[in-house]
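Naming convention: chains lettered A, B, ... in sequence-line order (proteins, then strands); numbering from 1 in each chain.
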Amino acid sequence: MSDANTVVVLDFETTGLSPDYGDRAIEIGAVRIENGKIVERFQKLMNPGQRISRFIEDYTGITNAMLKDAPPCREVMNEFADFIEDFNLVAYNASFDKRFLDAELKKISRVYTGQFVCSMLMARRIYQHAPNHKLGTLVKYVNIPGEGPFHRALYDSEMTAQLWLAMLNNISDQYDIKSLTFSLTQKLAKTPKNNVEKLLLSVLSEVQGDLQ
DNA sequence: TGCCAGGCCCTCTTTAGGGCCTT
């Protein structure tokens with residue numbers, strides 16, 4: 001059942017950067033947020049049918065031994081397609097995760113109808129003075145508590161979810177906007193950096209107009 | 001210690017190049 005206040009925040013670990021060059025997903029992690037709270041979690045390793053490189057083992061902590069007995073991508077992605085239903089989706093650097101989601105679902109002839117928003121593009125606008133816009137840097141910058149392993153799918157999706165909620169709270173507090181629609185966050189992610197304030201003020205005036 | 005890609009975004013720009021992000 002789709003809900004305007006529900007989003008699924010997801011993160012893939014993969015064998016590399018490009019599904020068009022044969023890279024596959026090796027882990028999916030996701031959390032579902034309803035009304036500002038994480039209400040459900042999903043995490044599964046999956047066997048990509050190929051050995052992963054030493055670099056990926058070191059980068060993620062996921063080893064070939066761990067993937068040996070994991071279920072195949074088609075089985076896990078089928079479960080994950082059920083998990084995301086038709087909710088809207090959030091990912092950090094969403095263009096990356098969207099490519100893998102599209103590629104893996106295409107292999108099992110599944111589709112999703114939700115829309116994506118990129119939390120990194122939002123963060124580049126909300127936290128313009130951060131040292132950089134890597135996920136780990138922003139988690140520290142915003143003082144989000146957590147000591148889990150970065151570069152694992154569930155932990156990264158949890159941190160992305162907390163960052164997402166922090167950004168929504170930041171905007172709500174600063175501009176006295178009670179709730180941000182998903183379409184507004186999409187607009188925000190595409191707004192030129194020097195126009196973010198203008199966009200939010202225009203939204204505020206619309207909201208106030210609605211209340212009058 | 002990344003390589004492969006691709007979207008975004010800035011600038012010494014738009015008939016382009018390169019850094020930032022993701023694994």
Rounded to whole Å, CG of A:N93 lies from P of B:dT23 at a distance of 8 Å
Counting only heavy atoms and a strict 4.0 angstrom limit, can you tell me which residues of residues 59-66 of chain A come near DNA chain B?
A:Y59, A:T60
Would you mind listing every side chain to side chain donor-acceptor pair (under 3.5 Å) that reaches into residues 129-151 of chain A, with sequence neighbours excluded?
A:Y59-A:H151, A:N132-A:T137
Side chain of A:E34, backbone of A:V39: donor and acceptor closer than 3.5 Å?
no
Given the rule that I, L, V, M, F, W and Y join up when any side-chain heavy atoms are under 4.5 Å apart, are A:F80 and A:I26 in one cluster?
no
Per atom distances to the A:S53 side chain, the nearest of B:dT23, B:dA5, B:dG2 is B:dG2
Under the salt bridge (Lys or Arg N to Asp or Glu O under 4.0 Å) test, residues paired with A:D173 that sit two or more places apart:
none
When the ring planes of A:F83 and A:F42 are compared, do they come out parallel, tilted or perpendicular, using 30° and 60° as the limits?
tilted
What does A:L121 touch in the nucleic acid at a heavy-atom separation under 4.0 angstrom: a base, only the sugar-phosphate, or nothing?
sugar-phosphate
Measure from CZ on A:R152 to P on B:dT22 and round the result to the nearest Å.
17 Å
Does one hydrophobic cluster hold both A:I52 and A:F12, with members joined at side-chain heavy-atom distances below 4.5 Å?
no
Tell me the interatomic distance from A:L138, atom CG, to B:dC21, atom C1', rounded to whole angstroms.
11 Å
Taking CD1 from A:I26 and P from B:dT23, how many angstroms apart are they, rounded to a whole number?
11 Å
B:dC8 versus B:dT1 - spacing of their C1' atoms, nearest Å:
27 Å
To the nearest Å, give me how far apart NE2 (A:H151) and P (B:dG2) are.
11 Å
Tell me which of A:T191 and A:N132 sits closer to the 5' end of DNA chain B, going by the nucleotide each one is nearest to.
A:T191
Per A:T14 side chain, nearest of listed nucleotides B:dC21, B:dG2, B:dT23:
B:dT23
Would you say a side-chain N or O of A:H133 is under 4.0 Å from OP1 or OP2 of B:dC21?
yes
From C-beta outward on A:D58, which listed nucleotide comes closest to its side chain: B:dT1, B:dT23, B:dC21?
B:dT1
If the plane angle is over 60° it's perpendicular, under 30° parallel, otherwise tilted; pick one for A:W164 and A:F182.
tilted
For A:F96 and for A:D20, find the nucleotide of DNA chain B with the closest heavy atom, then tell me which residue's nucleotide is more 5'.
A:D20
Using atom CG of A:L135 as one end and atom P of B:dT23 as the other, report the distance to the nearest whole Å.
8 Å
Same apolar cluster: A:I56 and A:L135, side chain cutoff 4.5 Å
no
So does A:Y21 get a side-chain nitrogen or oxygen closer than 4.0 Å to the phosphate oxygens (OP1/OP2) of B:dA5?
yes
Checking B:dC20, B:dT22, B:dG2 against the side chain of A:R124 (C-beta onward), the nearest is B:dC20
Roughly how far apart, to the nearest Å, are B:dT23 and B:dG7 at atom C1'?
16 Å
For the P atoms, the ones on B:dA16 and on B:dC3, what distance do you get once it is rounded to whole angstrom?
24 Å
From B:dC10, B:dT23, B:dC21, pick the nucleotide closest to the side chain of A:K193?
B:dC10
Spacing of the P atoms in B:dT15 and B:dT22 (rounded, Å):
31 Å
Pick base, sugar-phosphate or nothing for A:F100, based on heavy-atom distances below 4.0 Å to the nucleic acid.
nothing
Whole-Å distance between B:dT23 P and A:R54 CZ?
19 Å
Can you tell me if the side-chain N/O atoms of A:K190 get under 4.0 Å from OP1 or OP2 in B:dC8?
yes
What's the CZ-C1' distance between A:F116 and B:dT22, to the nearest Å?
12 Å
Any carboxylate oxygen within less than 4.0 angstrom of a Lys/Arg side-chain nitrogen, looking at A:K106 and A:D102?
no
A:S18 (side chain) and B:dG6 (base): donor-acceptor pair under 3.5 Å:
no
Against the side chain of A:D23, the closest entry in B:dC4, B:dC21, B:dT23 is B:dC4
